[in-house]
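Before any comments, here is the structure.
Remember, it's 1-based here, ligands and their atoms both numbered in the order they're listed.
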Amino acid sequence: MSLKNFLTIVMLAFLLNAEGQEIKVYPTHWWTGMQAKQLQLMVHNTGNISAGIKINYPGIRVVKVSQPENKNYVFIDLEIASTTKPGSFEIRFSDGKKLRYVLKAKSALNGKSRVQGVRSNDFIYLIMPDRFANGDPANDKCRTCRDTLADRANSLTRHGGDLKGVENHLDYLKDLGITTVWMTPVVENDMPLMQEGKNLMSGYHGYWITNHYTIDPRHGGNTAYHQLVDAAHAKGMKIIQDAVYNHVGSFHHTVLDPPMKDWLNQWPAYQGSNHKEEVFMDPYASAIDKKIMVGGWFVPHLPDLNLANPYVAKYIIQNTIWATEEFGIDGWRVDTYKYCDEQFLNNINSALEKEFPAITVFGEAWTNLVPEAAYFVQNNMNTKFKHNAQGVTDFPVNGSVLDATRAQSPESAGNLYETLSQDFLYKDPLRNCIFLDNHDMDRFYSVAGEQFSKFKIGVGLLLTLRGIPQMYYGTEILMKNLKNPSDAEVRRDFPGGFSGDSANKFSASGRTDQENEAFNYTKRLAGFRKTSSALSRGNTMQYIPQNGIYVYFRYDNRQTIMCILNSKETESVLDLSRFSERIGNFKNAKDVVSGNSVNLGTKIKLPALQLTVLELQ
Ligand SMILES: [Ca+2]
Ligand SMILES: [Ca+2]
């Protein structure tokens, strides 16, 4: 080799190395005017970084610099004075490296037109963005990503749906009565296809996070997310982001180059979680069972974060605050809540509420028992550890509503009656998210045996029971399927969301008569609920189900709503005298769905398999 060629190769190697040594900092930027004055920067450089640093900016004080055993990382603890002005400053490292850090001004609109919180007068629509609508075919394939596939013929790979597709259909959702969109995680999932069971699958669902500060390019990146959130807010709608605190994808930078050895929950050999939430409240639980529940991995390609490590905790807490302030989202749904370190959960909830008093957070605590669900939120129980979360995804109510909907026996509403009777355990059951199905469950219309009358019962219960109702995309147009052979079957594309679709169910003319009836029934009840103080925020009174009929009231001092579920396959007659406690002096009622007037005499006729919703007058 000639000297010239040798030098060229050395130069090239140097250039490549220099490029590989780009200094990354997390959070990528921050704000002045925040409640918390402390900020911990994680600086990452794959070619080492020195711990000697200098910052010269009025109102910024370096409190501490710590370097873990991995010399590619340095943690800088800053204090930002309340007088600090927005701007940017240089962080100079003693090895000559430097980076510029930006401080923006915290938005004055938080709690007003952004970060508004989501309450029980809202109606949430859950979307898997890859499967809803493709607003930008140019971003379907990412050539610089580890997974470059976009193939609608394969149920386990990406299909090309994106945030622009959601934005394009906000008016459709608003027309349905939806106030809030919750999407499965939108952040970057730069994972290769992974083996799950016999198949290779992609991170199309979003739960394999590889970068907490970047929205996935196949969803349209940070720009498209800003646009969607702003467009929703401009229409008076809200956005819930899906967070995953428990784990990251195995190609996350803190897994590829771990900052310290206890960043992840590590085991001598692969250790899966035991998935037993009982270990937290069981007075007889062993320490090892609890350690495995919290520290065991969800699946082998989702490394479990050690959230008891203060650096890890800060990394996740600051990211969640960052995303809330950056995009202005209105609430968080937290995935795999019960797999996380308990004290961490309370700390992150407090930190979020301190910065954003209106923010809403509900955790996914998948359990069918009310005491267990209540354990993971603010409750009225005497437990050793007290959780501080506002609400949970209410699986006990879900199971009972499905029982009542299936109406396999005249007593099928009994479970719902009993489940609601246990609401005394919750501090505020109205903050629970209630639902008929979601992306991890059999689709509701299939669970209802594709019987339209049962479909209407389920939607009717969803929109009249206490809590924040959530509908899974496509339920309103009778999308169906069971999770057989895999959950991809309940994550099919919304018909009309993708070019070339044979039907467009976003428009009334593309829907069948029955699909339109399903859409309009949902719209009718959702519209009524929005203006009904009793349904959206009122008290509940329920009566023991008798003879296949379950009666409950939602009421406040302005309005009384009487809901009557006839679970029988036959028309029934209900004697009203038993309900005089709530009917009081009301003489008439309006059927909320049909608009018909109903005379509240001594008896009332009930059609077979129907939830009758009456506004008393
Ligand atoms: Ca696309
Ligand atoms: Ca865990």
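Looking at Glu342 and Lys290, a side-chain N of the basic residue comes within less than 4.0 Å of a carboxylate O on the acidic one, giving a salt bridge.
Distances from the Ca ion (ligand 2) show that Asn265 has no N/O/S atom below 3.0 Å. Note on Gly296: not counted as a metal contact of the Ca ion (ligand 2), no N/O/S atom lying under 3.0 Å. Taking backbone and side-chain atoms together, Lys164 has no N/O/S atom less than 3.0 Å away from the Ca ion (ligand 1). Because the distance cut-off is set at 3.0 Å, Asp341 fails to qualify as a neighbour of the Ca ion (ligand 2), as none of its N, O or S atoms comes that close.
With respect to the Ca ion (ligand 1), Asp162 has OD2 as its nearest N, O or S atom.
Between Phe435 and Phe395, the ring planes are perpendicular. Angles over 60° get that label, and only those under 30° would be called parallel.
Between the O atom of Gly160 and the OD1 atom of Asp140, the angle taken at the Ca ion (ligand 1) works out to 90° after rounding to 10°. Between the OD1 atom of Asn134 and the O atom of Asp136, the angle taken at the Ca ion (ligand 1) works out to 80° after rounding to 10°. Considering the Ca ion (ligand 2) as centre, the angle to O of Tyr339 and to OD2 of Asp304 is 160° (10° rounding).
For the side chain to side chain contact (heavy atoms under 4.5 Å, CB included) criterion with Cys145, the lone passing option out of Met191, Arg218, Glu188 is Arg218.
Within 6.0 Å of the NZ atom in Lys71, the count of heavy atoms belonging to other residues, nucleotides or ligands exceeds 12.
Between the side chains of Asn306 and Trp263, not a single donor N or O lies within less than 3.5 Å of an accepting N or O.
In this structure, the salt bridge (charged side-chain N to carboxylate O under 4.0 Å, His left out) partners of Asp122, at least two apart in sequence or on a different chain, are Lys238.
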